[in-house]
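Please read the structure below before turning to the comments.
Chain naming here is simple, since letters A, B, ... match the order of the sequence lines and numbering starts at 1 in each. Not measured: the values here are computed from a predicted model.
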2 protein chains.
Amino acid sequence: MKDEKSPISTRENLLRAAIRVVQQGSVSSLTLDAVAREAGVSKGGLLYHFPSKDALIKGLVAQFIAEWNRAMDWEFERDPTPELPGRWLRAYIRSCFANYDAEEYATLGLTQGDVAGFLVAISSDTGLLADVYKEYEIWDEKCLNDGIDPAVATVIRLAADGLYFSEAFHLAPPTGEAKRKVMESLLALAKPSGQ
Amino acid sequence: MKDEKSPISTRENLLRAAIRVVQQGSVSSLTLDAVAREAGVSKGGLLYHFPSKDALIKGLVAQFIAEWNRAMDWEFERDPTPELPGRWLRAYIRSCFANYDAEEYATLGLTQGDVAGFLVAISSDTGLLADVYKEYEIWDEKCLNDGIDPAVATVIRLAADGLYFSEAFHLAPPTGEAKRKVMESLLALAKPSGQ
DNA sequence: ACAACTGTACCGGCTGGACGGTAAAAATCG
DNA sequence: CGATTTTTACCGTCCAGCCGGTACAGTTGT
């Protein structure tokens, strides 16, 4: 009731609009004018909430990290075999393989793959992804201390990421039944019996 | 003896210069002026060989594909266990894990990871990566028809790609001994006994 | 043999548009 | 009213692509 017109509303609206712009175009089409137009505000209005383009991108990155962590926590909680080692890896796998479109997690109403496409494209530019790097190191450490052989754990993480990127960049990603079997193969690896 | 001043020389020089610009800066620093300056030619000279920026990027993409295919062929030929199924997958793995810096393959004198960073950043822009998409489908088909269980083969491909991206985007890539063990785990998977 | 012509390779200044950012006025709200 | 939020108008920069040249190597005509 109080988020209807709260000061956050416009801000979030702008973030959603920014994502939409990237989705319906390319990364290079992410301009202040385009985002403002998409959000239905003026450019000045956009710059009031995000004083610079970098600030806008940082907002997107922060939202992305938060969303992904939420998704992984959720998967972690509902793991069917919580007693087995590799629980966190399994949550990681499921998070990468799931496409949360407009569901409970999709705070921004987007597919994770789309966000990745955006983020990575930005990455090469400036140090805007520094937060993502840090987050990744945390995830990596969790992977390595999950009761699974570290090498196998890294294989799993890389494969899950690989799927993510293959979807984001259309690099022959598996779909349908094949995708399901790939995920199951990975989940099998993420259990002590898996190697 | 006749390639000293051949008309190809300038063209290749420009491509090398373009890569250098991206490496020593960011993707966004890839401007026509910068490439021309780096190559020691004028902007007009650059535009003579590549009539547009897109054409220049397409040239880079083509070079990249050719180089990677050459690397994979080379690994394929020197596979230590050519009699076992999964030979092509093993070549794929080794290509992704190797860093050919200024060796036989490095026609452009760059690390594969660098190229990936560049390519992907460009990718979201236009249909400039259409050729890469097609190439990937070919690779995918080779992966699936390599005598290994398709799901496992896809896991391997995704993991190899994942390593590639993790290096390109600094997403906690394994290094040193850990990296070697990861590769060995993958190579083990790429053999009948591996699953 | 040499002049006129043609095509190739390259130069460098220019421009028009896009884009990030600013600032002050205007509207809205408490 | 005063603070917050939003708009309108504008500036400066950067950059892709264009265009009028230059130099020079062949080629052709006579």
>> Can you confirm whether A/Tyr136 sits close enough to A/Asp161 that some side-chain heavy atom of one is under 4.5 Å from a side-chain heavy atom of the other?
In response: yes
>> With a sphere of 6.0 Å drawn around NZ of A/Lys181, does it hold more than 12 non-hydrogen atoms of other residues, nucleotides or ligands?
In response: no
>> Using heavy-atom distances to pick each residue's nearest nucleotide on DNA chain C, tell me which of A/Gly44 and A/Asp33 is more 5'.
In response: A/Asp33
To the nearest angstrom, how far is [X] atom [atom1] from [N] atom [atom2]?
{"X": "B/Lys53", "N": "C/dG17", "atom1": "NZ", "atom2": "P", "value": "19 Å"}
{"X": "A/His49", "N": "C/dT22", "atom1": "NE2", "atom2": "P", "value": "17 Å"}
{"X": "A/Phe50", "N": "C/dG21", "atom1": "CZ", "atom2": "P", "value": "14 Å"}
{"X": "B/Arg11", "N": "C/dT8", "atom1": "CZ", "atom2": "C1'", "value": "16 Å"}
{"X": "B/Leu30", "N": "D/dA16", "atom1": "CG", "atom2": "C1'", "value": "12 Å"}
{"X": "A/Ile57", "N": "C/dG20", "atom1": "CD1", "atom2": "C1'", "value": "12 Å"}
{"X": "A/Tyr48", "N": "C/dC29", "atom1": "OH", "atom2": "C1'", "value": "12 Å"}
{"X": "B/Leu47", "N": "C/dG12", "atom1": "CG", "atom2": "C1'", "value": "12 Å"}

>> Quick one, B/Glu184 with B/Arg180, criterion salt bridge (charged side-chain N to carboxylate O under 4.0 Å, His left out). Give me CA distance, side-chain angles, the key distance, then yes/no.
In response: CA-CA 6 Å; B/Glu184 275 173 15; B/Arg180 222 209 64 235; 3.1 Å; yes
>> For the residue pair B/Arg87 and B/Phe76, would you count it as a cation-pi contact if the rule is NZ or CZ under 6.0 angstrom from the ring centre and within 45 degrees of the ring axis?
In response: yes
>> Base of C/dG20, side chain of A/Lys43 - is there a donor-acceptor contact under 3.5 Å?
In response: yes
>> Under 4.0 Å from OP1 or OP2 of D/dT5: is there any side-chain N or O of A/Thr10 that close?
In response: no
> Counting side-chain heavy atoms from CB outward, which of D/dT7, D/dC15, C/dC11 is closest to A/Val41?
Replying inline: D/dT7
> Which one, D/dG17, D/dT7, C/dG20, comes nearest to the side chain of A/Ser42?
Replying inline: D/dT7
